Visitor: 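My questions will all concern the structure given below.
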Amino acid sequence: MSDFLFSEFEETSPAAWKQKIQVDLKGADYNDTLLWKTNEGITVKPFYTKEDKTYQKPIAAKEGFSICQTIIIANEKEENLLLLDALERGATAIQFIAKRKFDPAILLQGADLTALKIYFKLDFLDAAFTAEIEQFSNAKHCYFQIDILGSLAEVGNWFVSLKEDYHQLEKIASSTENSIAVSGDLYQNAGANMVQQLAYTLAHANEYLNHFGAENAHKIHFQFSVAGHYFHEIAKLRAFRLLWEALLKEYGIENMEAHIFVQPSTRNKTIYDYNVNMLRTTSECMSAILGGADTISNIPYDHIYAEKNDFGERIARNQLLILQQESGFQEAQNFAEGSYYIASLSTQMAEKALTIFKQIEQGGGFLKQLKEGHIQRKIKENASKEDAQFRHKELILLGANLYPNKENFMQGNLALDPFVKQRNIKTLFPPIIRKRLSENLEKQRLQQETPQL
């Protein structure tokens, strides 16, 4: 049927399309008028054809995404109620964040753990405790977001020392399944461009592969953040699957998919005109879905300046539920397969990221490059470039540097400090700092606010 329909139309070559466009431009230069370059150095064209798709194998996740609720552990009984409420209201995965040991029996009481994905983001190392947690959950669906290298990169120090941190992680990996996390979200939120995010995340993961060996590759899983460049963020996640597959082949591993946990970025979120953050996170969650994320945890619109509250959490969860249950995104992980544009972006990102990855490996690997400050410097260079674009309104955040609401006052409404905090501690090397684009502008506005009567 499809052959019959399309056989009636003559195929048009890319050269013919370009010639037609040049005629319509009436003398204007094709390259100057219609081509533009991203911060990653990728040239975006006005049209794409099947010649731009260089891979054939589907690269998305096999299943649709899980909706995750993030819960910070302070009181096990209270968090248990939040867990049960979130599951009742549509969540199919839970992320727990803990800074101390807790009682998993109380925390997980009453929850059906047979198919529930649970992510434990632990800000400490304790092999015996992680083994205890896994006893109370389904090991297949239990993920420990423990990343000693990510913590080192963000803090500038080991938990204890290189030797002791790796020793603890070795014990954790030997007794639990999905126990090695790679925090690629750090690079995005610190200002790295998409190609850098891919390259650093891949090099970060390769450092673990070098240490733990190919036999533990299945225990590695990933965290990413997505921002506002809709199609490019879709392509980024898909590009990473290509890169991970290529890297594993070098270790003799095939048919092992990356497990990807995604949250919207905080880098482009604002305290002024904060409701716009809901629009941003909706777009970003769509990118995550179409990019093939396994699990998505949305962030509330007031995440950066307000204490956790039921309204913000419910709206964030409902954004994902609407996309999944009302908008036809329940099994949307393969929707992007038909897009030559996204395929081209994914290929270009992967190729450029692979070049940076090889440079890192030739320079001694991720940890050495981190200790010498090369990765921090490259991220800072791109972050400074984005800052300049933001100041010159080449990079727009609505309500911040474009169409600000002058009647919006935030003094007295900041329950949390939304700005980067100065840390006066000795570190092994300069850490990678998460920072929002609009912070400097917001500080100026706060200083200029007139107290309201």
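None of the values given here were measured: they were computed from a predicted structure.
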Visitor: Might you point out which heavy atoms bring Tyr48 and Thr43 nearest each other, and give the distance in Å?
Guide: OH-O, 3.9 Å
Visitor: Is Lys308 paired with Glu313 through a side-chain N to carboxylate O contact shorter than 4.0 Å?
Guide: yes
Visitor: When you compare the side chain of Asn382 with that of Asn39, does any pair of heavy atoms fall below 4.5 Å?
Guide: yes
Visitor: Say you draw a straight line from CG of Leu320 to CD1 of Ile289; how long is it, rounded to the nearest 0.5 Å?
Guide: 6.0 Å
Visitor: Can you tell me how far the CG atom of Asp123 sits from the OG atom of Ser151, to the nearest 0.5 Å?
Guide: 7.5 Å
Visitor: Hey, are the side chains of Asn268 and Arg280 touching, using non-hydrogen atoms and a 4.5 Å cut-off?
Guide: yes
Visitor: Under a 4.5 Å cut-off applied to non-hydrogen side-chain atoms, are Met286 and Leu323 in contact?
Guide: yes
Visitor: Look at the rings of Trp36 and His232 and say which category their plane angle falls in: under 30° parallel, 30 to 60° tilted, over 60° perpendicular.
Guide: tilted
Visitor: Taking the six-membered ring for Trp, are His211 and Tyr166 closer than 6.0 Å centroid to centroid?
Guide: yes
Visitor: Are any side-chain N or O atoms of Asn157 and backbone N or O atoms of Leu428, one a donor and one an acceptor, separated by less than 3.5 Å?
Guide: yes
Visitor: Atom OH of Tyr230 and atom OG of Ser287: how far apart are they, to the nearest 0.5 Å?
Guide: 6.0 Å
Visitor: Hey, are the side chains of Ile260 and His221 touching, using non-hydrogen atoms and a 4.5 Å cut-off?
Guide: no
Visitor: Does Lys117 make a cation-pi contact with Tyr143 (under 6.0 Å, within 45 degrees of the axis)?
Guide: no
Visitor: Could you check whether any side-chain N or O of Glu207 sits under 3.5 Å from a backbone N or O of His204, counting only pairs where one atom can act as donor and the other as acceptor?
Guide: no
Visitor: Could you tell me whether Glu372 and Lys368 have a side-chain N and a carboxylate O separated by less than 4.0 Å?
Guide: yes
Visitor: Might you confirm whether atom NZ of Lys37 has over 12 heavy atoms from other residues, nucleotides or ligands at distances under 6.0 Å?
Guide: no
Visitor: Determine whether Gln69 and Asp85 satisfy the following criterion, side-chain hydrogen bond (donor to acceptor under 3.5 Å, both in side chains), listing intermediate values before the conclusion.
Guide: CA-CA 10 Å; Gln69 180 74 46; Asp85 182 65; over 6 Å; no
Visitor: Using the rule given for side-chain contact (heavy atoms from CB on, under 4.5 Å), can you reason through Thr427 versus Val155, listing the C-alpha separation, both sets of side-chain angles and the distance that settles it, and then say yes or no?
Guide: CA-CA 8 Å; Thr427 59; Val155 178; 5.8 Å; no
Visitor: Would you say the side-chain atoms of Asn298 pair up with the backbone N or O of Arg317, donor to acceptor, closer than 3.5 Å?
Guide: no
Visitor: Would Lys236 and Glu40 pass as an ion pair if we require N to O under 4.0 Å?
Guide: no
Visitor: Set out, in order, the CA-CA distance, both residues' side-chain angles and the distance that settles salt bridge (charged side-chain N to carboxylate O under 4.0 Å, His left out) for Arg434 and Glu154, then state yes or no.
Guide: CA-CA 8 Å; Arg434 300 172 190 254; Glu154 186 166 6; 2.7 Å; yes
Visitor: Looking at the rings of Phe222 and Phe261, which for Trp means the six-membered one, are their centres under 6.0 Å apart?
Guide: no
Visitor: Salt bridge check, Lys385 against Glu394: does any charged N sit closer than 4.0 Å to a carboxylate O?
Guide: no
Visitor: Looking at every heavy atom in both Ser225 and Pro264, which two are closest together, and how far apart are they?
Guide: OG-O, 4.1 Å
Visitor: Under the 3.5 angstrom rule, does the side chain of Asn178 hit a backbone N or O of Cys142 as a donor-acceptor pair?
Guide: yes
Visitor: So, does Asn206 use its side chain to make a donor-acceptor pair with the main chain of Leu202 at under 3.5 Å?
Guide: no
Visitor: Mind checking the CG-CG spacing from Leu446 to Leu414? Nearest 0.5 Å is all I need.
Guide: 6.0 Å
Visitor: Roughly how far, to the nearest 0.5 Å, is the CD atom of Gln188 from the CD atom of Gln263?
Guide: 11.5 Å
Visitor: Testing Tyr274, Phe419, Tyr272 for ring-ring contact (aromatic ring centres under 6.0 Å, His included) with Tyr305, which one passes?
Guide: Tyr274
Visitor: Using distance alone, with no hydrogens and no angle criterion, decide if Tyr341 and Asp52 have a side-chain donor and acceptor under 3.5 Å apart.
Guide: no
Visitor: Check the pair Thr270, Glu442 against side-chain hydrogen bond (donor to acceptor under 3.5 Å, both in side chains), reporting the backbone distance first and the verdict last.
Guide: CA-CA 8 Å; Thr270 58; Glu442 290 169 352; 4.9 Å; no
Visitor: Can a cation-pi geometry be assigned to Arg100 and Phe124, taking NZ or CZ under 6.0 Å from the six-membered ring centre and within 45° of the ring axis?
Guide: no
Visitor: Minimum heavy-atom separation for Asn193 to Val195, with atom names?
Guide: OD1-N, 3.1 Å
Visitor: Below 4.5 Å, heavy atoms only, C-beta onward: do Thr38 and Leu345 meet side chain to side chain?
Guide: no
Visitor: Treating Asn75 as the side-chain partner and Glu78 as the backbone partner, does any N or O pair qualify as donor plus acceptor under 3.5 Å?
Guide: yes
Visitor: Please confirm whether the backbone N or O of Leu321 pairs with a side-chain atom of Asn318, one donor and one acceptor, at under 3.5 Å?
Guide: no
Visitor: Show your reasoning for whether side-chain hydrogen bond (donor to acceptor under 3.5 Å, both in side chains) applies to Thr70 and Ser297.
Guide: CA-CA 7 Å; Thr70 296; Ser297 178; 2.6 Å; yes
Visitor: Any donor-acceptor pair under 3.5 Å linking the side chain of Asn413 with the backbone of Phe409?
Guide: yes
Visitor: Do Tyr301 and Thr281 come close enough that some side-chain heavy atom pair is under 4.5 Å?
Guide: no
Visitor: Does Ile220 reach the side chain of Trp244, with side-chain heavy atoms less than 4.5 Å apart?
Guide: yes
Visitor: Might you point out which heavy atoms bring Ser137 and Leu108 nearest each other, and give the distance in Å?
Guide: CB-CD1, 4.5 Å
Visitor: Which of parallel (below 30°), tilted (30 to 60°) and perpendicular (above 60°) describes Phe335 and Phe329?
Guide: tilted
Visitor: Verify side-chain contact (heavy atoms from CB on, under 4.5 Å) between Asn309 and Asp302, making sure each step is shown before the conclusion.
Guide: CA-CA 9 Å; Asn309 58 86; Asp302 56 359; 2.9 Å; yes
Visitor: Would you call Lys443 and Asp417 a salt bridge, using N to O less than 4.0 angstrom?
Guide: no
Visitor: Any idea which heavy atoms bring Ile234 and Ala336 closest together, and the distance?
Guide: CG2-CB, 4.1 Å
Visitor: Could you go through Gln359 and Gln369, starting from their C-alpha distance and side-chain angles, then the distance that decides it, and tell me whether this counts as side-chain hydrogen bond (donor to acceptor under 3.5 Å, both in side chains)?
Guide: CA-CA 10 Å; Gln359 291 170 352; Gln369 292 280 292; over 6 Å; no
Visitor: I want to know whether Phe96 and Tyr119 have ring centres closer than 6.0 Å.
Guide: no
Visitor: Can you see which heavy atom on Ala258 is nearest to which on Phe240, and at what distance?
Guide: CB-CE2, 4.3 Å
Visitor: I'd like to know if the side chain of Ser265 and the backbone of Asn189 have a donor-acceptor N/O pair within less than 3.5 Å.
Guide: no
Visitor: Between Leu122 and Thr130, is any pair of side-chain heavy atoms under 4.5 Å apart?
Guide: yes
Visitor: Please check: side-chain N/O of Ser339 versus main-chain N/O of Ile342, any donor-acceptor pairing under 3.5 Å?
Guide: yes
Visitor: Answer yes or no on whether Lys219 is positioned over the face of Phe212, meaning its NZ or CZ is under 6.0 Å from the six-membered ring centre and within 45° of the axis.
Guide: no
Visitor: Rounded to the nearest 0.5 Å, what's the gap from CZ on Arg445 to CD1 on Ile271? Could you check?
Guide: 8.5 Å
Visitor: What I want to check is whether the side chains of Ser344 and Gln348 have a donor and an acceptor closer together than 3.5 Å.
Guide: yes
Visitor: Which is it for Leu395 and Leu437 under the side-chain contact (heavy atoms from CB on, under 4.5 Å) test, yes or no, and what are the steps along the way?
Guide: CA-CA 10 Å; Leu395 196 163; Leu437 269 171; 3.7 Å; yes
